[in-house]
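Have a look at the structure below before the remarks.
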Amino acid sequence: MNDDAVALLACPHCGSDLEADDPDSGSAALLCDRGHTFDVARQGYVSLLSGSGGKIVGDSTEMVAARAEFLDRGHYDPLMDAVADAVGDRRRVLDVGVGTGHYLARVLDAGVPDAVGVGLDVSKAAARRAARSHPRASAVVADVWQSIPVRSGVIDAALSVFSPRNAEELARVLAPAGVLVVLTPTERHLVELVDDLGLVRVDENKTQRLGDTLGGRFERVRRVPITYSTTLTRDEIVDVVSMGPSARHIPPADLRARVDEMPPAREVTVSVTLGVYARAAV
Ligand SMILES: C[S@@+](CC[C@H](N)C(=O)[O-])C[C@H]1O[C@@H](n2cnc3c(N)ncnc32)[C@H](O)[C@@H]1O
Ligand SMILES: [Zn+2]
């Protein structure tokens, strides 16, 4: 794990700072002042789940693999660039619901050379991928609806890209001048696939509710609608559906059969809103 990223983490049991165990000890672990220790998995991530855990199910191995395949194809590159642009030269980056780490890696590549990233995800499969997404990124298994295992006031930019966000905890971990960058789909996002394949619809009130949820803790400083068309192959359609909420409702064989009825190339709409928020003055 990257030492500068580890320096941003806090013990999920007592809130003390965490640091890497003596590298000569032969075992990779993080420990806090009070002696709580957390093994770093062979794949390079650490689990900092607090409490009982296990109630929230993150993305499965198959969903994460489909997401990695799809994001590698470049159809969402404009979204990654927009997120990187919003982060700019901010140095300490937190990505909640990091998934494969594609967005975090893009932000670190585009940012200042000493930028560091922490990616949180409740899914081990996601943390495994995110751990190898970038040399300056560290991946942590954590449930963002619990307290986030990150020190207070140390984050310059927090990202929530198609992911859940916990306004209270995000406000706590952000530095006073820090920003929260949120990317959410609009009801027109991939609407062609929703129609052709009978997928789960995006809740039309989501944008409104998002405003409400963050309202007390944050002020929106920028709202950028991003809409464009891109053409997907059948395999890409299978991947983009398999990485999203519909994957839980359509068995893979059914999805494949439905996609095989479609033309070999389908133009779809990408439609999201990028919101940049600052901590509200208290
Ligand atoms: C739709 S994916 C987005 C992943 C990534 N940001 C991207 O856009 O490629 C949502 C991610 O949030 C994770 N997730 C869902 N609930 C979570 C929670 N309570 N705590 C942490 N991560 C969570 C999922 O495992 C999944 O990786
Ligand atoms: Zn501790």
Side-chain angles (χ1 to χ4, degrees), residues 9-19 29-38 45-80 82-84 93-107 117-131 133 137 139-151 158-166 169-170 181-185 189-190 200 202 206 226 239-248 270 272 274:
L9 300 177
C11 176
H13 300 313
C14 68
S16 309
D17 299 353
L18 284 176
E19 61 179 45
L30 304 186
L31 30 105
C32 83
D33 301 348
R34 303 207 191 162
H36 299 121
T37 62
F38 306 89
Y45 67 88
V46 68
S47 175
L48 299 179
L49 279 170
S50 61
S52 51
K55 281 193 216 87
I56 306 257
V57 182
D59 284 7
S60 64
T61 307
E62 293 74 22
M63 289 169 78
V64 174
R67 179 172 297 279
E69 283 286 327
F70 184 76
L71 293 178
D72 278 345
R73 309 291 297 198
H75 297 288
Y76 283 3
D77 279 4
L79 306 185
M80 294 182 207
V83 171
V93 183
L94 173 70
D95 188 343
V96 295
V98 65
T100 58
H102 277 71
Y103 288 81
L104 183 58
R106 180 69 59 98
V107 163
V118 169
L120 304 183
D121 205 291
V122 75
S123 154
K124 271 189 195 167
R128 227 175 271 141
R129 291 259 178 186
S133 67
V140 174
V141 177
D143 175 0
V144 304
W145 292 120
Q146 310 284 319
S147 52
I148 295 177
V150 172
R151 292 166 54 194
L159 318 178
S160 171
V161 177
F162 296 113
S163 286
R165 62 218 133 244
N166 173 342
E169 277 294 277
L170 288 168
V181 179
V182 178
L183 199 85
T184 43
H189 187 56
L190 304 180
V200 177
V202 171
K206 200 165 176 177
I226 305 174
D239 282 334
V240 80
V241 174
S242 303
M243 75 193 211
S246 299
R248 303 191 203 276
V270 175
V272 305
L274 178 100

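In listed order, ligands and their atoms are each counted from 1. Position 1 is the first residue of the sequence; numbering continues from there.
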What are the atoms of ligand 1, with element, lying closer than 4.0 Å to any heavy atom of [X]?
X	result
P164	12 (O), 15 (C), 16 (N), 17 (C)
W145	19 (N)
G99	4 (C), 27 (O)
A142	20 (N), 21 (C)
S123	25 (O)
Y103	7 (C), 8 (O), 9 (O)

Q) Between R67 and ligand 1, which residue portion shows a heavy-atom distance shorter than 4.0 Å: side chain, backbone, both, or neither? A)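 Near ligand 1, R67 shows its side chain, while the N, CA, C and O stay back.
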
Q: Tell me which part of L71 gets within contact of ligand 1: side chain, backbone, both or neither, using heavy atoms under 4.0 Å.
A: side chain

Considering only the protein, which heavy-atom contact is closest to [atom], and what is its distance?
atom	answer
atom 5 (C) of ligand 1	G97 O, 3.4 Å
atom 20 (N) of ligand 1	V144 N, 2.8 Å
atom 25 (O) of ligand 1	D121 OD1, 2.6 Å
atom 23 (C) of ligand 1	V122 CG1, 3.6 Å

Should [X] be counted as touching ligand 1, given the test is an N or O pair under 3.5 Å?
X	answer
F162	no
D59	yes
D143	yes
G58	no

Q.
Could you tell me if the side chain of L30 sits less than 4.5 Å from the side chain of E19, heavy atoms only?
A.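 Answer no - side chains too far apart.
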
Q: Keeping waters out of it, list the protein N, O or S atoms under 2.8 Å from the Zn ion (ligand 2).
A: C11 SG, C14 SG, C32 SG, H36 ND1

